[in-house]
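Let me begin by presenting the structure, written as structure tokens, before commenting on it.
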Amino acid sequence: GDRLYRIDVEQIALPSQKQLERYDSSRPPKPSLDGAELYLRRADQFVLKRYSGSKSVFITGSDGQIGWAIASDGSIRISNDAYEFSRDLPGHEHSIPLANLTQGLTQIQKAYAIQFVPVSSNGVQEDQEAMLIATKKRGQRGPKRIEMQYQVQTGRIVQIRFIEMPYGPERLTVQLTLIDEDSLPMDFFRYSYHQTADRPKALPQQE
């Protein structure tokens, strides 16, 4: 079903000189993930909204076939590669895509040592929660540690933490919290849905 997660940045680790040297400084800085909203639907459909200090919004997304990005000035880029603009999703840069949880969990199983820890139990079986804790194996890429809190009976993931996740030259600790599971409009994951009347329009440029 449809899901909305709020992203909060808990900690930012500044890059070392070696990390800065490896990073392409000609690339523009990434928009902040703090306070971002991530909408997901089934496999490979997502909308990521990131806000600047002035509350301008940078939106990237995919409807499962077309990848797209809408800048704060309303200009649009689209691509026939559905994954073109998914690289800034937490975990995606290192093959842990939240927009395709089956693929993401498979990668975690391969690259991380996994343990399961009970979190809570109030006597109601369907409300019991547990934590998947994944610690990165030596020689693997990606966040140092991943924590997924989920409901045991349904498998619903209610919270995810990526600890020391690469994001540009920085290393972030971010928390994703499940906010809503209401059904979204059918065309919500198409770029045309987000071309609102109060924002300047621009013709899509096919990549």
Side-chain angles (χ1 to χ4, degrees), residues 1-14 30 32-51 60-62 64 83 86-168 170-184 188-189:
D2 297 340
R3 292 157 284 151
L4 166 60
Y5 288 91
R6 185 187 70 244
I7 302 176
D8 296 297
V9 176
E10 297 181 349
Q11 186 174 356
I12 301 175
L14 297 178
K30 293 176 179 285
S32 173
L33 279 173
D34 194 38
E37 298 169 345
L38 175 59
Y39 299 82
L40 300 171
R41 172 183 289 166
R42 295 188 293 276
D44 304 324
Q45 297 184 64
F46 77 92
V47 169
L48 176 63
K49 294 185 177 182
R50 286 170 284 178
Y51 301 90
T60 52
S62 173
Y83 297 99
S86 62
R87 63 179 67 91
D88 288 343
L89 291 183
H92 188 91
E93 189 172 353
H94 298 280
S95 301
I96 310 169
L98 295 180
N100 188 330
L101 281 175
T102 300
Q103 180 182 341
L105 291 170
T106 299
Q107 176 61 19
I108 290 173
Q109 188 176 33
K110 289 165 50 179
Y112 289 76
I114 298 173
Q115 59 179 315
F116 297 91
V117 180
V119 174
S120 65
S121 176
N122 60 6
V124 181
Q125 189 174 13
E126 59 268 24
D127 288 342
Q128 293 179 355
E129 294 187 354
M131 180 87 71
L132 179 155
I133 299 175
T135 305
K136 185 174 63 174
K137 297 176 182 176
R138 184 183 297 273
Q140 298 291 333
R141 300 172 66 228
K144 180 178 180 180
R145 177 180 165 111
I146 301 170
E147 300 172 353
M148 290 189 179
Q149 186 170 332
Y150 64 96
Q151 294 180 341
V152 175
Q153 290 298 111
T154 64
R156 177 186 288 112
I157 298 174
V158 297
Q159 198 169 84
I160 308 171
R161 292 181 76 231
F162 291 97
I163 298 168
E164 295 189 21
M165 178 191 78
Y167 189 69
E170 300 174 333
R171 297 294 182 269
L172 307 182
T173 295
V174 300
Q175 178 172 284
L176 287 75
T177 304
L178 182 64
I179 299 299
D180 203 345
E181 294 178 286
D182 287 346
S183 296
L184 296 164
F188 182 84
F189 294 88

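Among residues two or more places apart in sequence or in another chain, the side-chain hydrogen bond (donor to acceptor under 3.5 Å, both in side chains) test is passed with Asp2 by Arg41. Taking the salt bridge (Lys or Arg N to Asp or Glu O under 4.0 Å) definition, one finds that Arg50 meets it with Asp88, sequence neighbours left out. A search for salt bridge (Lys or Arg N to Asp or Glu O under 4.0 Å) contacts involving Asp8 returns Arg6, not counting sequence neighbours. With sequence neighbours excluded, no residue forms a salt bridge (Lys or Arg N to Asp or Glu O under 4.0 Å) with Glu37. Here Gln109 pairs with nothing under the side-chain hydrogen bond (donor to acceptor under 3.5 Å, both in side chains) rule; sequence neighbours left out. Glu181 is linked by a side-chain hydrogen bond (donor to acceptor under 3.5 Å, both in side chains) to Arg156, counting only residues two or more places apart in sequence or in another chain.
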- request: Evaluate the side chain to side chain contact (heavy atoms under 4.5 Å, CB included) criterion for residues Leu33 and Met165: first the C-alpha distance (whole Å), next the side-chain angles of each, then the deciding distance (0.1 Å), finally the verdict.
  value: CA-CA 12 Å; Leu33 279 173; Met165 178 191 78; 4.0 Å; yes

If you apply the rule side chain to side chain contact (heavy atoms under 4.5 Å, CB included), what do you find for Tyr167 with Ile12, and how did you get there? CA-CA 10 Å; Tyr167 189 69; Ile12 301 175; over 6 Å; no

Query raised in the report: Can you list the steps and then say if Gln128 with Gln153 is a side chain to side chain contact (heavy atoms under 4.5 Å, CB included)?
Result: CA-CA 7 Å; Gln128 293 179 355; Gln153 290 298 111; 5.5 Å; no

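Taking all atoms of both residues into account, the shortest heavy-atom contact from Pro143 to Tyr112 is O-OH, 2.7 Å. In terms of heavy atoms, Tyr150 sits closest to Gly155 at CB-O, 4.3 Å.
Residues Tyr5 and Ile157 meet the side-chain proximity criterion, which asks for heavy atoms closer than 4.5 Å. At least one side-chain heavy atom of Gln159 sits less than 4.5 Å from a side-chain heavy atom of Gln175. Counting only heavy atoms from C-beta outward, the side chains of Glu10 and Arg161 approach each other to under 4.5 Å.
Checked by atom type and distance alone, the side chain of Lys49 never pairs as donor or acceptor with a backbone atom of Tyr39 at under 3.5 Å.
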